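What follows is a single structure, written as structure tokens, with notes after it.
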2 protein chains.
Amino acid sequence: MSEELQTEEQILEAAKQIFQEQGFAGARMQEIADEADINKSMLHYYFRSKDKLFQKVFQDSIRQFFPEILKVLNADLALVPKIEKLVETYYDMFKKHPHLPRFVIHEMNQHPERFKEFVKNTGIEIPELFVKQIRAEMESSTMRKIDPREFIINTIGLSVFPLIARPMIETVFEMNDDQYQHFLEQRKKELPKFIINAVKK
Amino acid sequence: MSEELQTEEQILEAAKQIFQEQGFAGARMQEIADEADINKSMLHYYFRSKDKLFQKVFQDSIRQFFPEILKVLNADLALVPKIEKLVETYYDMFKKHPHLPRFVIHEMNQHPERFKEFVKNTGIEIPELFVKQIRAEMESSTMRKIDPREFIINTIGLSVFPLIARPMIETVFEMNDDQYQHFLEQRKKELPKFIINAVKK
DNA sequence: GTCTATATAACGATAGAC
DNA sequence: GTCTATCGTTATATAGAC
């Protein structure tokens, strides 16, 4: 009885790792069980089916991915420090969960409708405050005219892309793992400048 | 005999579609056979195994994805029209092959070493000419100092991200498919400005 | 080269003892 | 709640007739 929560937590932790690494289709229930160091039948005892276990993991992953970003977007910060904070948040998240962004991107494209349902259920909303902030900056003439949606997508895209494109970057620019990590560190400082400059008047 | 090439081509075309849509793990040989409108055993007759068929498709996809971009990067064009051309190339590619970018990203992360091998075999190289061009622009003081690798990654990332993040964009900004397509059209014009502005002095 | 039939293995899921 | 054993399906792959 006291083991209930622990086992369930162990399973979820293992499932998260395997699913995020391999995706739904690539993951094996046996592998999840091995990772959680429990018997395979326990997975079904706690979550009934692979699909149900996956949906739990996927929903948790969305909850992990979006709100943290939206929180920063809607925070009470000036534009420049907000961009800096946003970029930093992404890179921290990536350090803890290297497969999270690619996992979400892959799976949400496999079942777009289901994904939209999930997002609605988690109560994620348009970053209204940030949109207002951008509009205000544009009116006070420090920022050139740009669709706020473009600005948000560009900022997130610039943060995420080098993380999901790692093998490509390492290959094209002939980096090893250390050099890639060093490149990311440099980028953390450089990227906010790039973004701010892009919308300066 | 005269049917050999045609059948092989049919298989590859079908395999490309299914693999790019579902990934290696999610794809089924039966589904590829159905799509190609041939018998399932023909897949093995022509390509021996699922893995061999996949590797052919993956390599072809890389050949489809990279050289076209690198060709533009190394073309004899001034910076601004080059960026415009690059963005346009990406969006055209996406119209013809909507799943290509996400497919390459997902699969190259599943087997990074194999991916690096493939890239080397296809003879893809660092876009040296473009790097030189950026360096020249920086020295002639029209462009602020920036690591050319950052500039390249940013440009490609900004082009690719809204394509692979479509369900997210449609959800967060409450767009339907038409509105998304319209958004992309607008973006095709806006993005080069964003990029150029970002590196202006 | 193309088909049908089948081998072989893997996987998700369940039954039943403890 | 946890285990072993096993069922039922589905997947890749092959054998063999035509």
Side-chain angles (χ1 to χ4, degrees), chain A residues 1-61 99 103 106-107 109-111 114-115 118, chain B residues 1-61 99 103 106-107 110-111 114 118:
Chain A
M1 193 92 85
S2 68
E3 304 292 311
E4 262 188 62
L5 251 175
Q6 198 204 331
T7 305
E8 196 171 323
E9 208 47 53
Q10 256 173 270
I11 292 173
L12 275 175
E13 198 53 41
K16 203 173 86 177
Q17 188 175 321
I18 301 296
F19 276 134
Q20 287 189 1
E21 220 174 290
Q22 323 233 31
F24 174 79
R28 298 288 157 245
M29 294 295 265
Q30 184 61 60
E31 205 174 349
I32 294 173
D34 292 348
E35 180 67 33
D37 204 34
I38 50 143
N39 193 286
K40 191 179 59 158
S41 60
M42 300 305 299
L43 300 180
H44 292 94
Y45 177 79
Y46 278 98
F47 295 93
R48 289 199 68 84
S49 69
K50 182 185 181 184
D51 197 67
K52 288 221 166 47
L53 176 56
F54 171 78
Q55 293 196 38
K56 179 87 176 83
V57 168
F58 188 43
Q59 210 151 12
D60 287 355
S61 297
H99 306 293
F103 170 68
H106 182 76
E107 298 298 341
N109 274 285
Q110 294 298 318
H111 305 284
R114 190 158 79 174
F115 167 76
F118 277 179
Chain B
M1 192 92 85
S2 66
E3 305 292 311
E4 263 189 61
L5 253 175
Q6 197 204 332
T7 305
E8 196 170 324
E9 208 47 51
Q10 256 173 270
I11 293 173
L12 276 175
E13 198 53 41
K16 203 173 86 177
Q17 186 175 322
I18 301 297
F19 276 134
Q20 287 190 1
E21 219 173 289
Q22 324 233 30
F24 174 78
R28 298 288 159 245
M29 293 295 265
Q30 184 61 60
E31 205 174 349
I32 295 173
D34 292 348
E35 180 68 34
D37 204 34
I38 50 142
N39 193 286
K40 193 179 54 159
S41 60
M42 300 305 295
L43 301 180
H44 292 95
Y45 178 80
Y46 278 98
F47 294 94
R48 289 199 68 84
S49 70
K50 182 186 180 184
D51 196 67
K52 288 221 165 47
L53 176 55
F54 171 79
Q55 293 195 40
K56 178 89 176 81
V57 168
F58 188 44
Q59 211 152 10
D60 287 354
S61 297
H99 307 292
F103 170 68
H106 182 77
E107 297 298 341
Q110 294 299 318
H111 304 284
R114 189 157 78 175
F118 277 178

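Values in this document were obtained by computation on a predicted structure and should not be read as measured data. Throughout, a chain's letter reflects where its sequence line sits, starting with A, and its residues are numbered from 1.
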Of all the choices, D:dA13, C:dT2, C:dA13, which nucleotide is nearest to the side chain of B:Tyr46 once you look at every atom? C:dT2
Hey, can you pull the donor-acceptor pairs under 3.5 Å for the side chains in residues 38-45 of chain B, sequence neighbours left out?
residue : atom : partner : partner atom : Å
B:Asn39 : OD1  : B:Ser41 : N            : 2.9
B:Asn39 : OD1  : B:Ser41 : OG           : 2.9

By the 4.0 Å heavy-atom rule, please label B:Ser41 as base, sugar-phosphate, or nothing. base
Please list all pairs meeting ring-ring contact (aromatic ring centres under 6.0 Å, His included) that have one or both residues in residues 20-41 of chain A, counting only residues at least two apart or in different chains. A:Phe24-A:Phe54
Correct closest heavy-atom pair for B:Glu107 and B:Gly23 would be OE2-CA, 3.3 Å
Residues forming a ring-ring contact (aromatic ring centres under 6.0 Å, His included) with B:Phe118, sequence neighbours excluded: B:Phe58
Side-chain heavy-atom pair A:Phe47, A:Glu8 within 4.5 angstrom cut-off: yes
Could you tell me how far apart B:His44 (NE2) and C:dT4 (P) are, to the nearest whole angstrom? 16 Å
Selection residues 41-57 of chain B - residue pairs positive for salt bridge (charged side-chain N to carboxylate O under 4.0 Å, His left out), sequence neighbours left out: B:Asp51-B:Arg114, B:Lys56-B:Asp60
Rounded to whole Å, CG of B:Asp37 lies from P of C:dT2 at a distance of 12 Å
Over how many whole Å does the gap from A:Ile38 atom CD1 to D:dT4 atom C1' extend? 15 Å
Roughly, in whole Å, what's the span from CG in B:Leu53 to P in D:dA13? 10 Å
Any residue in residues 15-33 of chain A with a heavy atom nearer than 4.0 angstrom to DNA chain D? Just list them by number, or reply none. none
Closest to the A:Met42 side chain, choosing from C:dT14, D:dT2, D:dT12: D:dT2
In whole angstrom, give the distance that lies between atom CG of A:Asn39 and atom C1' of C:dC18. 13 Å
Atom NZ of B:Lys50 and atom P of D:dA13 are separated, to the nearest Å, by 8 Å
Whole angstroms only, please: what is the CG-P distance between B:Leu43 and C:dT2? 12 Å
Could you tabulate the donor-acceptor pairs under 3.5 Å formed by side-chain atoms of residues 25-33 of chain B, not counting sequence neighbours?
residue : atom : partner : partner atom : Å
B:Gln30 : NE2  : B:Asp34 : OD1          : 3.0
B:Glu31 : OE1  : B:Gln22 : NE2          : 3.3
B:Glu31 : OE2  : B:Gln22 : NE2          : 2.8

Whole-Å distance, B:Lys40 NZ to C:dC3 P, equals 13 Å
